[in-house]
Amino acid sequence: MSTTGERFERAVAIMERLRAPGGCPWDREQTFDSIKPYTLEETYEVLEAIDNRDWPELAGELGDLLLQVLFYAEMGKEQGTFSIDDVLDRLSTKLVNRHPHVFGDVKADTSSEVKRNWEALKVEERKKRQDKDTERNAGPAMRAQDSVLAGVSSAMPALLEAHKLSSRAAQAGFDWPNIEGLFDKVNEEMDELREQLKEFPAPGPRPQGRGMAGSGRAIIPEDLQARLEDEVGDLFFVLVNIARYLSIDPESALRKSNRKFKRRFQWMEERLLESGRSPDQASTEELESLWQRAKRAEAKDAKDALKSDAPDARNA
C-alpha cells in the first residue's frame with residue numbers, strides 16, 4: 001500500500017501531466033482567473049456534504065477541493081512564482097509558529113486560551129508586515145495595508161466578510177461591551193429603516209404579485225432605494241455581530257435556515273400535490289396553515305429520531 005506522501009506525489013504528478021504539452025486541452029487552457037469559480041463551487045459542495053453528514057461524499061468533495069490547490073500550484077510553478085513545495089512549507093511553518101503551546105514552551109490548557117494566543121500571534125504577524133512596509137516606504141500617511149482590517153478580502157461572501165471585519169475591529173477594542181448593546185443597535189437600525197419607509201410610495205411595501213416575477217412591484221425613487229439598501233445592510237451587519245458575539249458562524253447559520261425553509265416548503269408542496277394543486281393555486285391562509293403543519297411534522301420527526309437513537313433502558 002502506498003504511503004500518504006506517495007499518494008500526494010502521485011496527485012501532483014497527475015496534475016503536472018494534465019497541464020503538460022500533450023495533456024488535457026481544457027486543463028492546459030485554464031488560468032488563475034478561470035479556475036476561481038470552480039474553487040468557490042467546490043468549497044460550497046464541501047460545506048453541503050458536512051451539513052448532510054455524508055462522510056463518503058465529503059471525502060470526494062475534499063479531493064475536488066484539493067485539486068484546486070494542486071491546479072493553482074502547478075500554474076504557479078509554470079510561471080515561476082511558487083510551487084506546491086512553497087505552499088506546503090508556508091503551511092507547515094504557519095502551523096508550527098501559531099501553535100507554540102504544542103511546539104514551544106507557551107502554556108495553553110483550554111481552547112479559549114489557544115484562540116487568544118492564535119489571535120495575538122496573527123496581530124503580531126500583521127504588525128511585523130506593516131513595520132517592514134513602513135521601512136520600505138517611509139511616510140506619515142497610513143496606507144490600506146497598514147490597517148488592522150488589511151487582508152480581509154472583499155471577494156468572500158458578504159456575511160463572512162462582515163464577521164471577519166467586526167472580529168478584527170473587536171480585537172482592536174472597538175466592540176460592544178455586552179450583547180444588550182447589540183440588541184439596542186438592532187432596534188436602532190430597525191427604527192432608521194422604518195423612518196426611510198415613510199417616503200415609500202403609497203400604499204407602502206407590499207409582497208410581489210404571484211405569477212410573473214416583479215409584477216406589481218412599486219416604482220421606488222433611486223435615492224430612496226439606495227437609502228433602504230444602506231439601512232438593510234446595516235441591519236445585516238448588526239445581526240452578524242450578534243452571531244460573532246455568540247461564537248456562531250453566520251454563513252453556516254443562514255445556510256441551515258435555508259435548508260430548513262426548503263424542507264418545510266417542499267413538505268407543503270407534497271401535501272398540495274396530493275390534491276392536484278401547486279402553491280400558487282392555494283390561498284394565503286391555506287399556505288400559512290400548511291406551513292404550521294410542516295413545522296409540527298418536522299418537530300415530531302426530530303423527536304421520534306431522538307427516541308430511536310436513545311439507548312434502550314432495558315439494555316442499559
Side-chain angles (χ1 to χ4, degrees), residues 44 149 152-170 172 174-269 272 278-296 298-299:
Y44 281 117
L149 304 181
V152 178
S153 172
S154 58
M156 66 178 66
L159 286 178
L160 180 57
E161 182 187 8
H163 190 276
K164 286 187 172 293
L165 288 171
S166 60
S167 296
R168 290 278 187 91
F174 188 68
D175 202 2
W176 282 267
N178 53 57
I179 198 166
E180 289 301 322
L182 277 161
F183 291 146
D184 291 341
K185 188 65 176 175
V186 169
N187 292 329
E188 177 188 325
E189 297 298 346
M190 292 287 286
D191 290 341
E192 291 179 4
L193 178 58
R194 288 192 179 98
E195 187 65 27
Q196 295 297 335
L197 287 174
K198 291 178 180 179
E199 299 181 33
F200 200 94
R206 293 291 186 274
Q208 293 181 21
R210 295 186 178 188
M212 187 69 68
S215 61
R217 180 181 298 171
I219 299 176
I220 309 171
E222 188 175 341
D223 65 323
L224 176 59
Q225 183 71 35
R227 281 180 276 139
L228 291 174
E229 184 178 42
D230 282 346
E231 297 301 344
V232 171
D234 290 346
L235 187 56
F236 270 121
F237 194 83
V238 180
L239 292 175
V240 168
N241 273 276
I242 290 177
R244 173 183 59 80
Y245 225 88
L246 299 175
S247 299
I248 292 171
D249 172 20
E251 195 79 26
S252 177
L254 181 57
R255 193 165 54 246
K256 288 179 180 178
S257 290
N258 291 342
R259 300 290 176 272
K260 181 168 58 179
F261 178 87
K262 184 178 180 180
R263 287 194 309 269
R264 293 175 180 176
F265 191 85
Q266 290 176 334
W267 187 95
M268 292 167 54
E269 288 180 309
L272 287 166
S278 59
D280 61 345
Q281 295 172 314
S283 67
T284 302
E285 292 75 14
E286 184 178 9
L287 291 175
E288 176 60 26
S289 176
L290 283 169
W291 180 261
Q292 296 303 325
R293 284 178 56 193
K295 289 172 63 176
R296 290 194 295 270
E298 190 171 69

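One is the number of the first residue; the rest follow in order along the sequence. Keep in mind that this is a model prediction, so the values were computed, not measured.
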**Side-chain ion pair, Arg227 and Glu231, N-O less than 4.0 Å** = no
**Asked** Is a side-chain donor or acceptor of Asp230 paired with a backbone partner of Gly233 at a separation under 3.5 angstrom?
**Response** no
**Request:** Quick one: pull up CD in Gln225 and CD1 in Ile220 and give me the separation to the nearest 0.5 Å.
**Result:** 4.5 Å
**Item:** Atom of Glu199, atom of Leu224 and distance for their closest heavy-atom approach
**Value:** O-CD2, 3.5 Å
**Prompt:** Nearest heavy-atom pair of Met156 and Ser153: which atoms, and what distance?
**Reply:** CG-O, 3.1 Å
**Prompt:** Is it the case that Glu288 and Gln292 place a side-chain donor and acceptor less than 3.5 Å from each other?
**Reply:** yes
**Asked** If we only count heavy atoms from C-beta on, is the Leu197 to Pro205 side-chain gap below 4.5 Å?
**Response** yes
**Flag side-chain contact, heavy atom, 4.5 Å: Pro279 against Met268** = no
**Prompt:** Considering all heavy atoms of both residues, which atom of Ala282 and which atom of Glu286 are nearest to each other, and what is their separation?
**Reply:** CB-OE1, 3.5 Å
**Asked** Are more than 12 heavy atoms from other residues, nucleotides or ligands located less than 6.0 Å from atom OH of Tyr245?
**Response** yes
**Request:** Using a 4.5 Å cut-off on heavy atoms from C-beta on, say whether the side chain of Leu272 contacts that of Leu287.
**Result:** yes
**Request:** State whether a side-chain donor-acceptor pair under 3.5 Å links Asn241 with Arg244.
**Result:** yes
**Asked** Can you find a heavy atom in the side chain of Arg293 that is under 4.5 Å from one in the side chain of Trp267?
**Response** yes
**Asked** Going from CG on Leu182 to CG on Leu239, what distance comes out if it is rounded to the nearest 0.5 angstrom?
**Response** 9.5 Å
**Message:** Measuring from atom CG of Leu149 to atom CZ of Arg168, what distance do you get when rounded to the nearest 0.5 angstrom?
**Reply:** 7.0 Å
**Prompt:** Can you find a heavy atom in the side chain of Val240 that is under 4.5 Å from one in the side chain of Leu165?
**Reply:** no
**Request:** Pick out which of Arg259, Lys262, Lys260, Arg264 makes a salt bridge (charged side-chain N to carboxylate O under 4.0 Å, His left out) with Glu298.
**Result:** Arg264
**Asked** Is Lys164 close to Glu161 at the side-chain level, that is, under 4.5 Å between some pair of heavy atoms?
**Response** no
**Asked** Going from CG on Leu193 to CG on Asp234, what distance comes out if it is rounded to the nearest 0.5 angstrom?
**Response** 10.0 Å
**Message:** Working to the nearest 0.5 angstrom, can you tell me the gap between Leu254 CG and Lys256 NZ?
**Reply:** 12.0 Å
**Request:** With rounding to the nearest 0.5 Å, note down the distance linking OG in Ser252 to CG in Leu159.
**Result:** 11.0 Å
**Asked** Between Lys185 and Glu188, does at least one N-O distance fall below 4.0 Å, as a salt bridge requires?
**Response** yes
**Asked** Between Trp176 and Phe183, does the ring centre distance come in under 6.0 Å?
**Response** no
**Item:** Lys/Arg N to Asp/Glu carboxylate O, Asp191 vs Arg194, below 4.0 Å
**Value:** yes
